[in-house]
Amino acid sequence: MRLATWNVNSIGARLPRFLPWLEEMSPDVVAVQETKTASFPVIPGYEVAHAGDGRWNGVAILSRIGLTDVDLVHEGHPETRLVSAQCGPIHVTSAYVPNGRSLDDPHYPYKLEWLAELRRRLDRFSGAQPLVLMGDFNVARTDDDVWDIKAFRDSTHVTPAERQAMDELIDWGLVDVVPRPGKGDRPFTYWDYRAGMFHKDLGMRIDYVLATPAVVVKDAWVDRPTRKGTGPSDHAPVIVDVEVGP
DNA sequence: ATGTCATCTTAGAGATGA
């Protein structure tokens, strides 16, 4: 079974890349972030659960192995940043964690509270069930998950509080499925559009696949080629091949 | 280390966000 997560930075703008990518990779389940639309396009072969209200945010789950128990509500947070559903044997969540903007911006405590609510939400599930929480977390878990930690002094994405919030998700009973890098020795998943950052491989690992141990990972990698070429997203997909025991 | 990209407003460049 193949799972993928991809922040597409507008599904409308990305459709010319998204459809051929679906054909090529043939994932069974896709978690999409930053759809930036109120209405997700119809995708032949897939059922879609989408939470989107227009200009910003927006998350979706595409599945060709069943899509039930759809939940679009993240308690206390009206923005469309979370959708979950049962996809065949696996409970899947697509998350788009708030950016935080800067340490003195109200968006930063909002980000921390949003992550805390996500952690509380896990308590409705069992750590023994097959469950995958994936998406754009806007946190680099270690200093090696950014191209140069010195460039992140007094920045969001790397603070102890953000990293602790990620650790608390994982300590609930999830495994951080680290993908094979697309280039070099660090599995970056995001590169700013500006300043030739992608070309210089000055990236960040901020997209994650977090899975319970009941989800047996066979392979995981950053689909770096999809960040290349004409009209890419600023994020690369992460693709994970898994099996779920009987 | 901000050089791009996407969206919306409301008609064409600016604001916003990432």
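To find a chain, count down the sequence lines: A is the first, B the second, and so on, and within it residues start at 1.
Under the ring pair (Phe, Tyr, Trp, His ring centres under 6.0 Å) criterion, Tyr108(A) pairs with no residue at all, not counting sequence neighbours. Every residue two or more places apart in sequence or in another chain was checked for a ring pair (Phe, Tyr, Trp, His ring centres under 6.0 Å) with Trp172(A), and none qualifies. Not counting sequence neighbours, the partners of Glu113(A) by the side-chain contact (heavy atoms from CB on, under 4.5 Å) test are His77(A), Ala116(A), Glu117(A), Arg120(A). Qualifying salt bridge (Lys or Arg N to Asp or Glu O under 4.0 Å) partners for Lys150(A), counting only residues two or more places apart in sequence or in other chains: Asp148(A). Residues passing the side-chain hydrogen bond (donor to acceptor under 3.5 Å, both in side chains) test with Asp167(A), sequence neighbours excluded: Arg141(A).
Within the 4.0 angstrom heavy-atom criterion, no nucleotide atom of any strand lies near Phe152(A). Residue Trp147(A) is in base contact, counting any heavy-atom pair closer than 4.0 Å across all strands shown. Within 4.0 Å of Arg14(A), counting heavy atoms only, lie sugar-phosphate atoms of the nucleic acid but no base atom.
Spacing of C1' atoms, dG12(B) relative to dT7(B), comes out at 15 Å, to the nearest Å. Going from the C1' atom of dA18(B) to that of dA1(B) covers 15 Å, rounded to whole Å. Taking atom C1' in both dT2(B) and dT16(B), the straight-line distance is 16 Å, to the nearest Å. Comparing the same atom, P, in dT10(B) and in dA6(B) gives a spacing of 23 Å after rounding to whole Å. Here the separation of dG3(B) from dA15(B), taken at their P atoms, is 16 Å to the nearest Å.
Of all the residues in residues 50-61 of chain A, Arg55(A), Trp56(A) reach under 4.0 Å from DNA chain B with at least one non-hydrogen atom.
A salt bridge links Asp28(A) and Arg64(A); the closest N-O separation between the charged side-chain nitrogens and carboxylate oxygens is under 4.0 Å.
Comparing Tyr190(A) and Gly12(A) by the nucleotide of DNA chain B that holds the closest heavy atom to each, the one mapping nearer the 5' end is Gly12(A). Between Arg101(A) and Ala195(A), it is Ala195(A) whose nearest contact on DNA chain B lies nearer the 5' terminus.
The side-chain tip of Arg14(A) does not point at the ring of Trp21(A) from less than 6.0 angstrom away and within 45° of straight on.
Annotation for Val216(A): hydrophobic cluster partners, listed by chain and number, are none (ILVMFWY side-chain heavy atoms under 4.5 Å, direct or chained). The hydrophobic cluster containing Met134(A) also includes Met1(A), Leu3(A), Val29(A), Val59(A), Ile61(A), Ile65(A), Leu67(A), Val70(A), Leu72(A), Val83(A), Ile90(A), Val92(A), Tyr96(A), Val132(A), Val177(A), Val209(A), Val215(A), Val217(A), Val238(A), Val240(A), Val242(A), Val244(A), under a criterion of side-chain heavy atoms closer than 4.5 Å among ILVMFWY residues, counted directly or through chains of members.
First and last contacts of DNA chain B with chain A, using any nucleotide atom under 4.0 Å from a protein heavy atom and ordered 5' to 3', fall at dA1(B) to dA18(B).
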